[in-house]
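Reviewing the structure listed below.
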Amino acid sequence: MLRSSLAVALAALALPLAAQTPSASPYDFIDAFRALSGEHKGIRKGHAKGVCAQGEFVASEAARTRLASPLFTGQGIPAQLRFSMAGGNPRVPDSTRSPRGLAVRFELPDGSVHHLAMLSTPVFGAKDPDSFLGLLRAQRPGPDGKPDAQRIAAYREAHPDTRPQAEWLASNPPPWSYATATYHGLHTFYVQGREGERLKVRWYLQPQDGEKGLDAAEMASAPADFLAQRLEERLRQGPVGFDWIMVLGEPEDTDDDPSRQWPASRAVFKAGTLRISQAGGEACTPINFDPNVLSAGFSAGADPILRMRSPAYAISFGQRLSGQ
């Protein structure tokens, strides 16, 4: 698995220059996360704190009849997963008002793989790499170890694309459990239909347990590390299920700006169910969950944030393997 993940990472570094943003470089993001969270050698530079899980995906009848990807044949597809906290601090408290992440690696019968990388917010933190890098730099702590709230507010005022995610986080409580959050794919993809048509889609994983957030008292008193424990406790009762919901885009819907939501009126259908059977262990540790790793029948939209993720993830992955 290490060799195959490293091969994917190296291939990502070979993306054409036209597919990468001309100003913000992938190394800039590695440096920015270090400046925000400190040096943590051998740890993921983003989503440093997390827990592995294992499960299986089974496509719905609607997906089997509509979509051509081998992900949607209807047979059980093994999945390696990782739930996580945003940011590069492996000791961040689990009650922090920040996105939760869910990354998935599907292992198809023909030996190919397909990755998902999702957040618990319906939008990303910025529209493009330059804007996101500027936000990260604005959030860097000063000599007193604290970020400058006025500097951050001024940056968001000048860059309105950085406000929707922050506003969503401010008005929605952190998840009560990893199993009670909806995880959004954020980016736009294209999926081949059975009749050869090209469907424009976004997606999210909806928890079968329902959404549930922490109340004010829990946010104030929750222990620093409750999310992994709650997930394992829930799994003792049986599998945790998420429905994979596909959202069908219209021509006017953006495919290059993950900071903007599509209209809520867009048609949706259930593509299948991901059932998680166990959590813990280290099976996900060597995996580089690059969301540009797609199975046959999928292609990425024109999103520069999505394109930047491959080289940035590859650098982080290489540094992690070498103990940096």
Side-chain angles (χ1 to χ4, degrees), residues 26 28-40 43-53 81-104 115-127 129 131-141 146-147 152 155-156 161-187 204-205 207 211 213-214 219 222 224-228 230-231 258-259 284-285 287-291 305-306 308-309 312-313 315-317 320:
D28 290 333
F29 287 98
I30 302 300
D31 292 340
F33 278 114
R34 279 202 181 98
L36 283 172
S37 304
E39 185 73 60
H40 302 284
I43 301 293
R44 295 174 193 266
K45 302 302 180 277
H47 293 269
K49 183 179 185 179
V51 58
C52 298
L81 307 96
R82 187 174 187 268
F83 292 92
S84 62
M85 296 286 294
N89 180 3
R91 293 181 290 276
V92 62
D94 285 354
S95 58
T96 302
R97 279 190 182 271
S98 66
R100 288 7 177 201
L102 175 55
V104 186
H115 289 179
L116 306 180
M118 298 160 287
L119 291 181
S120 59
T121 58
V123 291
F124 190 68
K127 67 178 182 179
S131 184
F132 186 46
L133 180 61
L135 177 62
L136 295 177
R137 287 174 169 170
Q139 294 172 331
R140 284 184 295 191
K146 299 178 181 180
I152 297 170
Y155 187 85
R156 291 194 188 280
D161 59 293
T162 67
R163 298 203 293 263
Q165 187 190 63
E167 291 167 357
W168 191 95
L169 287 167
S171 59
N172 289 272
W176 187 88
S177 163
Y178 280 136
T180 63
T182 295
Y183 297 93
H184 302 265
L186 301 174
H187 307 293
Y204 55 92
L205 292 187
E211 291 188 359
L214 298 173
M219 287 184 64
D225 303 302
F226 67 88
L227 284 172
R230 283 185 178 173
L231 179 61
S259 72
C284 71
T285 299
I287 300 176
N288 175 28
F289 289 101
D290 179 354
I305 290 282
L306 178 61
M308 177 62 76
R309 292 177 83 165
Y313 280 34
I315 293 166
S316 174
F317 181 67
R320 181 159 59 90

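The analysis underlying the following values was restricted to heavy atoms, covering all of them including side chains, and did not include hydrogens, waters or symmetry mates.
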Could you measure the distance from the CD1 atom of Ile43 to the CZ atom of Phe33? Nearest 0.5 Å is fine.
15.0 Å
Roughly how far, to the nearest 0.5 Å, is CD1 of Ile305 from OG of Ser259?
8.5 Å
Is it true that a side-chain atom of Asn288 and a backbone atom of Phe317 form a donor plus acceptor pair closer than 3.5 Å?
no
Could you please spell out the steps behind the side-chain contact (heavy atoms from CB on, under 4.5 Å) verdict for Leu214 and Arg97?
CA-CA 10 Å; Leu214 298 173; Arg97 279 190 182 271; over 6 Å; no
Taking His115 for its side chain and Phe289 for its backbone only, find out whether a donor-acceptor pair lies under 3.5 Å.
no
Restricting to non-hydrogen atoms, name the atom on Pro175 and the atom on Ala181 that form the minimum distance, rounded to 0.1 Å.
CG-CB, 3.8 Å
Are any side-chain N or O atoms of Thr96 and backbone N or O atoms of Ser98, one a donor and one an acceptor, separated by less than 3.5 Å?
no
Where do His184 and Leu205 land on the side-chain contact (heavy atoms from CB on, under 4.5 Å) test, with the steps shown first?
CA-CA 6 Å; His184 302 265; Leu205 292 187; over 6 Å; no
Got a donor-acceptor contact below 3.5 angstrom from the Arg320 side chain to the Thr285 backbone?
yes
Less than 4.0 angstrom from a charged side-chain N to a carboxylate O is my criterion; do Asp225 and Arg91 meet it?
no
Could you go through Phe83 and Ser120, starting from their C-alpha distance and side-chain angles, then the distance that decides it, and tell me whether this counts as side-chain contact (heavy atoms from CB on, under 4.5 Å)?
CA-CA 11 Å; Phe83 292 92; Ser120 59; over 6 Å; no
To the nearest 0.5 Å, atom CZ of Phe124 lies from atom CG of Asp161 at 10.5 Å
On a heavy-atom basis, which atom in Gly50 and which in Arg82 lie closest, and how many Å separate them?
N-NH2, 3.4 Å
Taking all heavy atoms of Gly87 and all of Ser37, pick out the closest pair and write down the distance.
C-OG, 4.4 Å
Work out which heavy atom in Tyr313 is nearest to a heavy atom in Pro291; give both atom names and the distance.
CE2-CD, 3.8 Å
Check for a donor-acceptor pair, side chain of Arg156 on one end and backbone N or O of Thr162 on the other, with a separation under 3.5 Å.
yes
Minimum heavy-atom distance between Arg44 and Cys284, given as atom pair plus value
NH2-O, 3.0 Å
Spacing of CG belonging to Leu227 relative to OG belonging to Ser177, to within rounding of 0.5 Å
7.0 Å
Contact between Tyr178 and Arg100 at the side-chain level, heavy atoms closer than 4.5 Å - yes or no?
yes
Test: Lys49 and Asp94 ion pair at under 4.0 Å:
yes
Going by heavy atoms in the side chains, are Ser131 and Tyr155 under 4.5 Å from each other?
yes
Report the residues that fulfil side chain to side chain contact (heavy atoms under 4.5 Å, CB included) with Arg34, sequence neighbours left out, ordered by chain and then residue number.
Ile30, Asp31, Glu39, Lys45, Gln319
So, does Ser171 use its side chain to make a donor-acceptor pair with the main chain of Glu167 at under 3.5 Å?
yes
Sub-4.5 Å side-chain heavy-atom contact between Pro122 and Gln165:
no
Any donor-acceptor pair under 3.5 Å linking the side-chain atoms of Thr182 with those of Glu211?
yes
Can you check whether Lys146 reaches Pro141 side chain to side chain, under 4.5 Å on heavy atoms?
no
Sequence neighbours excluded, the answer for side chain to side chain contact (heavy atoms under 4.5 Å, CB included) partners of Ala32 is Leu133, Leu136
Mind checking whether Phe29 and Phe132 have parallel, tilted or perpendicular rings, split at 30° and 60°?
parallel
Is the closest side-chain heavy-atom distance between Val123 and Pro258 below 4.5 Å?
no
Can Leu186 and Leu119 be said to form a side-chain contact (heavy atoms from CB on, under 4.5 Å), step by step?
CA-CA 8 Å; Leu186 301 174; Leu119 291 181; 3.6 Å; yes
Between atom CG of Leu36 and atom CZ of Arg137, what is the distance when rounded to the nearest 0.5 Å?
11.0 Å
